[in-house]
Novice: 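This is the structure I have questions about; it appears just below.
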Amino acid sequence: EVQLQASGGGSVQAGGSLRLSCAASGFTFDEYAIGWFRQAPGKAREGVGCISGRDGTTYYTDSQRGRFAIATDNAKTTVYLQVNGLQPEDTAVYYCAVAGGTFFRTCPTSALPYDYWGQGTQVTVSS
């Protein structure tokens, strides 16, 4: 059974940083893409970025490039999202998700290909 547990969210002031974690289990890491998404109140879910479980290649949506960094631990059991320079508009629930099939090659940043989702972790940024 695929299980994803996101954690590490919290309340920070503008300009601060957070490292979110996604504990992953129940699947063969090398055969999946692991993505991060966020959803702000009243807005659609948007992609932040993705990491290929096969080779660690990362992909980011254009709007997130530069402030966000995705990485895994050596054991490939946890995926991290480092977020720097947080702004109030970054306030959202952040989710991790996995996409199977051959998506570890293309690492999509849209939500549709993702089969399994974690429960999300809240990030609140105050000005």
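Note that the structure is a prediction, hence the values are computed from the model and not measured.
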Novice: Closest heavy-atom contact between Ala14 and Pro88?
Specialist: CB-CD, 4.2 Å

Novice: Name each donor-acceptor pair under 3.5 Å that joins a side chain in residues 19-28 to protein atoms two or more places apart or in another chain, with its distance.
Specialist:
none

Novice: List the atom of Cys107, the atom of Ser52, and the distance in Å for their closest heavy-atom pair.
Specialist: SG-N, 3.5 Å

Novice: Under 4.5 Å between any side-chain heavy atoms of Phe29 and Thr72, yes or no?
Specialist: yes

Novice: Using the side chain to side chain contact (heavy atoms under 4.5 Å, CB included) criterion, which residues pair with Asp115? Sequence neighbours excluded.
Specialist: none

Novice: Which value, rounded to the nearest 0.5 Å, describes the distance between Thr124 atom OG1 and Asp90 atom CG?
Specialist: 11.0 Å

Novice: Inspect the surroundings of CD in Glu89 and state if more than 12 heavy atoms from other residues, nucleotides or ligands are less than 6.0 Å away.
Specialist: yes

Novice: Measure across Ser17 and Gly85 and return the closest heavy-atom pair with its distance rounded to 0.1 Å.
Specialist: OG-N, 4.1 Å

Novice: Could you check if a side-chain atom of Arg38 sits within less than 4.5 angstrom of a side-chain atom of Val123, using non-hydrogen atoms only?
Specialist: no

Novice: Taking Thr61 for the side chain and Gly47 for the main chain, is one N or O donor matched with an acceptor at less than 3.5 Å?
Specialist: yes

Novice: With Thr58, which residues qualify under side chain to side chain contact (heavy atoms under 4.5 Å, CB included), at least two apart?
Specialist: Ile51, Tyr60, Ile70

Novice: Check Pro108 against Cys50 and note the closest heavy-atom contact, atom names and distance.
Specialist: O-CB, 3.7 Å

Novice: With sequence neighbours excluded, give me every side-chain hydrogen bond (donor to acceptor under 3.5 Å, both in side chains) pair touching residues 98-108.
Specialist: none

Novice: Backbone N or O of Ala6 within a donor-acceptor pair of the Gln119 side chain at under 3.5 Å?
Specialist: yes

Novice: Under a 4.5 Å side-chain heavy-atom rule over Ile, Leu, Val, Met, Phe, Trp and Tyr, are Val2 and Phe104 clustered together?
Specialist: no

Novice: Do the side chain of Thr109 and the main chain of Gly49 share a donor and acceptor less than 3.5 angstrom apart?
Specialist: no

Novice: Using a side-chain heavy atom cutoff under 4.5 Å and only I, L, V, M, F, W and Y, what cluster partners does Tyr95 have?
Specialist: Phe37, Val93, Tyr114, Trp117

Novice: Taking all heavy atoms of Gln87 and all of Arg67, pick out the closest pair and write down the distance.
Specialist: N-NH1, 4.4 Å

Novice: Going by salt bridge (charged side-chain N to carboxylate O under 4.0 Å, His left out), name the residues that satisfy it together with Asp30, two or more places apart in sequence or in a different chain.
Specialist: Lys76

Novice: Identify the heavy atoms of Gln122 and Thr91 that sit nearest to each other, and give their distance.
Specialist: NE2-CG2, 4.0 Å

Novice: Hydrophobic cluster membership, with links at side-chain heavy-atom distances under 4.5 Å among I/L/V/M/F/W/Y: are Phe103 and Trp36 in one?
Specialist: no

